[in-house]
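In what follows, a single structure is set out as structure tokens and then discussed.
Note that the numbering runs from 1 along the sequence shown for the chain. Counting convention: from 1, in listed order, for ligands and their atoms alike.
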Amino acid sequence: SSDDLTDVRNFVEANRTEPNPEYFGKAEGKNVIYISLESFQTFVIGKEVNGQEVTPFLNSLVEDQNTFYFDNIFGQVGQGKTSDAEFMMANSLYSLPSGSVAMEKARNTYHAQPAMLEQKGYTTSSFHGNGKTFWNRDEMYKSFGIQKFFDSSYYDMSEENVHNYGLKDKPFFEESMPYLENLEEPFHAKMLTLSNHFPFTMDEGDVDFPTPETEDSVVNGYFQTAKYMDESIEQFFNDLKESGLYEDTVIVMYGDHYGISNNHNKAMEKVMGKEMNPYENAQLQRVPVFITAPGVEGKQVHKYGGQIDIRDTVLHLLGVETDEFISFGSDLLSEDHREIVPFRNGDFVTPEVTSVNEKCYANPTGEKVDSEACENAGKYVKETLDLSDKVVYGDLLRFYDPEGFTPVDRNDYNYNVNQI
Ligand code: GP9
Ligand code: MN
């Protein structure tokens with residue numbers, strides 16, 4: 001209802017964080033490529049097995065002078081997994097308490113980042129080595145203003161190229177390059193990796209990396225598929241440099257959600273060298289975020305945040321104002337970034353406390369503390385999730401026209417034609 005929209009607008013207005021002038025527009029006019037790192041968790045960064053780094057390339061970016069590396073970002077997806085992460089990153093709205101937004105609310109009105117950028121002259125696209133109907137993306141993407149969707153029909157899906165959920169990451173990036181180079185600049189592109197997906201198996205010969213030798217094949221395999229993904233990203237960065245695109249492009253990489261669920265706690269105790277309990281399982285929800293912006297001085301950022309916060313962070317770097325838009329996120333580079341991170345089930349983390357199942361724990365010891373310590377943040381979490389749900393369930397954005405933004409017409413988008 002319009003009352004709900006008023007509540008939402010008041011809340012968003014009261015919680016808005018101003019962009020940091022030190023970073024606003026520093027990457028103006030650049031292309032932006034998002035890379036969804038399938039099931040990639042922060043604990044892997046810097047980790048070694050038998051003295052060998054699992055992800056040497058991504059580890060090198062942690063120190064890279066043009067990269068912002070965020071080590072306290074948490075996955076916030078619901079049952080829509082990869083597609084929920086895409087949804088949050090594009091809209092700064094939360095995914096749903098049950099089911100997936102992409103399946104259930106794809107045709108809503110959204111003010112998504114691709115549409116915002118399209119209206120600033122960007123070409124918008126997505127790349128995925130599986131069919132376009134997976135997670136109903138061919139419907140959801142139209143509402144987001146994604147002009148071109150390169151799905152599996154654009155790739156060589158022969159047997160040796162495919163494993164588990166679709167095209168392997170190396171051929172995926174390699175075959176994406178010519179399509180990318182053909183896009184009119186500036187462009188927005190999103191690339192979805194797949195190889196590091198449960199149950200984390202690879203074909204013989206695709207990767208040469210030791211396992212931590214636990215009794216759990218899922219945990220063991222995870223390190224090998226993560227290594228393969230790391231190699232594929234390095235190859236892609238090299239190809240971007242060779243093509244000349246690299247200097248003009250901001251690359252945003254993010255883990256979409258956990259890969260190793262609580263069912264694997266026993267093997268994870270061996271890997272992490274500590275007891276796994278509800279507190280530690282919440283800490284494991286960290287997913288790495290990298291923003292590589294050639295020409296911009298990056299840094300390591302230890303602020304707490306979630307996937308909900310990335311859209312505004314990136315838009316501000318690109319010099320795009322967000323104040324007319326309804327956003328439940330908060331720029332991670334802003335001086336007054338808000339460090340309360342809701343999980344979709346109502347659990348949450350702040351720099352001080354972790355709340356799991358209504359129990360309150362102190363960071364970083366994990367010691368159980370009086371529930372009062374979690375009270376204020378808990379109120380914020382409940383309110384922000386409820387209001388975001390009202391927007392999505394009530395399709396409220398159809399009643400709100402941000403100044404300077406033309407509503408997306410889904411009929412303008414068609415992925416059944418040749419898009420090259
Ligand atoms: C495939 C990919 C699946 O399209 O999105 O990943 P999931 O959502 O299962 O993590
Ligand atoms: Mn996923």
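- Between the side chains of Ser126 and Tyr34, no donor-acceptor pair of N or O atoms lies under 3.5 Å.
- At a cut-off of 2.8 Å, His197 does not coordinate the Mn ion (ligand 2) through any N, O or S atom.
- Just one residue in the list Lys170, Lys168, Lys227 forms a salt bridge (Lys or Arg N to Asp or Glu O under 4.0 Å) with Asp206, and that residue is Lys168.
- For the pair Lys148 and Phe127, the cation does not sit on the ring face, since its NZ or CZ is not both under 6.0 Å from the ring centre and inside 45° of the axis.
- A side-chain N or O of Thr82 and one of Glu38 form a donor-acceptor pair less than 3.5 Å apart.
- Closer than 4.0 angstrom to ligand 1 by heavy atom are Glu38, Lys81, Thr82, His128, Phe134, Trp135, Arg137, Tyr165, Leu194, His197, His257, sorted by chain and number.
- The N, O or S atom of Asp256 with the smallest distance to the Mn ion (ligand 2) is OD2.
- Centred on the Mn ion (ligand 2), the OE2 atom of Glu38 and the OG1 atom of Thr82 lie at an angle of 130°, reported to 10°.
- Remark: Lys241 is positioned above the aromatic ring of Tyr246, its terminal NZ or CZ atom under 6.0 angstrom from the ring centre and at most 45 degrees off the axis.
- No side-chain donor-acceptor contact under 3.5 Å links Asp169 to the backbone of Tyr228.
- Side chain to side chain, Gln283 and Thr354 meet the donor-acceptor criterion of an N or O pair below 3.5 Å.
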